Amino acid sequence: MLNFKDKDLCVEQVKFIDIAKKYGTSVYVYSQNKIIENFEKYKRALPVNKGMICFACKTNSNFSILKLLSNLGAGADTTSGGEIFRCLRANFVPSKIVYAGVGKTFQEIEYALKSKIFMFNVESFEELEAINKIAQKLKVKARISFRINPYVDPDTHSYIVTGKKGTKFGIPYEDAISAYLLAKKKKNIIISGIHSHIGSQILEVAPFKLAAQKIKKIVEQVEKQGINIEYINCGGGLGIEYKNNQKVPLVKNLMSEIFSVFDKDKKFIFEPGRSIVGAAGYLLTKVIYRKKSGEKSFLITDAGMNDLIRPTLYGAYHDIIPIKKTLAKKVKSDVVGPVCESGDFLGRDRMLPILPQGEHLVVKCAGAYGAAMSSSYNSRPLLAEVLVSKNKTFLIRKRASYNDLVTNEC
Ligand SMILES: *Cc1c(COP(=O)(O)O)cnc(C)c1O
């Protein structure tokens, strides 16, 4: 959705410079039509009545973005009571909310049951006991899937691998059958599906297919025991093009490969997050100062690691580009923030034009795990967020104030 109008970089039909003038910097900017386009790819690939697309709302839980997706018919994949609350508030129907996480508290389980969510993705035997007990107390039945760890090791950052042996996630593969047999005996549990989520930013179909094949083996064995598995939940994890030359599998190819593994009567749940909002978001920031230290050139921006932590946390690469076309000479530069940590950088060793002080940069692919992971570290107020649709801009989160920093302190 990026394009140039004369020399100015635009998102949809709006110049970034106009967004900076109107809303200040730094600011998160999202393209509404890019989000819609990304979601529709999933929706088109899954026939109606064959299941649902549950947006992984931990990637971006802004009310307006959730509302946009719920209006398009999305379900929600949640990881906490707080996320369930946000999703209900944004009009997701409870019957399309699924809930994963290794550490659901008793209060969260109770809240989820009272909210009548569709299904729990259960990650341990003790969690199953807890859900059964709380459901009994509330006189309701809890619909569950087990999240199974299929022991597939996708080629991605170790912090975002989840389906490998030895991670904290899911039920170990060899315990899957006994988990289902135990659940079958629980009076307040309805077994409804099976779940796996092997990791994030995965750029090949093969690990997804391998996980599906391993899950299929469990399904066959479980069904031999008279337990019906209606839903196959394949999780999320499809990557996006952070670097220009990265190849990303097509959603429809990924999904048809998975469909081909299972029987025709199965229903599916997919939980995409990053691939819906990641490439639709930008962090717009201003160069406050420039300086040199030895051979190094630094561009010091008003966005830091508290606003976008992915470079620091995962060594993640985000493309950074000026918002004005220029013929200025390019020099190798580090783009760094104002936070008092040497790990506070947005990009290192980038060939960037020599920019005047006060010029702006856009950090691309910042729509997922960007604002959602931001904090007020160094007492820096949370950023404003702006949604762009065609030639219109909408403020979807106000910039926090200094007072907001201290509201809950006593
Ligand atoms: C994080 C997460 C997702 C979304 O992963 P993406 O890589 O953002 O698509 C889906 N399901 C579960 C259980 C998750 O924890």
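Whatever order the structure lists them in is the order used to number ligands and atoms, beginning at 1. Residues: numbered from 1 along the sequence shown. The structure displayed is predicted, hence computed values, not measured ones.
- Looking only at side-chain heavy atoms (C-beta outward), L283 and S26 come within less than 4.5 Å of each other.
- Judged as a side chain to side chain contact (heavy atoms under 4.5 Å, CB included), and not counting sequence neighbours, the contacts of K15 are K5, D8, C10, I17, D18.
- Here F39 pairs with nothing under the ring-ring contact (aromatic ring centres under 6.0 Å, His included) rule; sequence neighbours left out.
- Around ligand 1 you find A56, K58, T59, D77, A100, R147, H195, H197, S200, G236, G237, E271, P272, G273, R274, Y369, each with a heavy-atom distance below 4.0 Å.
- Checked for salt-bridge contact, K247 and E204 miss the test: no charged N lies under 4.0 Å from a carboxylate O.
- Taking V14 as the reference, I19, V388, T393 meet the side chain to side chain contact (heavy atoms under 4.5 Å, CB included) condition, with sequence neighbours excluded.
- The nearest pair of heavy atoms linking P338 to N378 is O-OD1, 4.3 Å.
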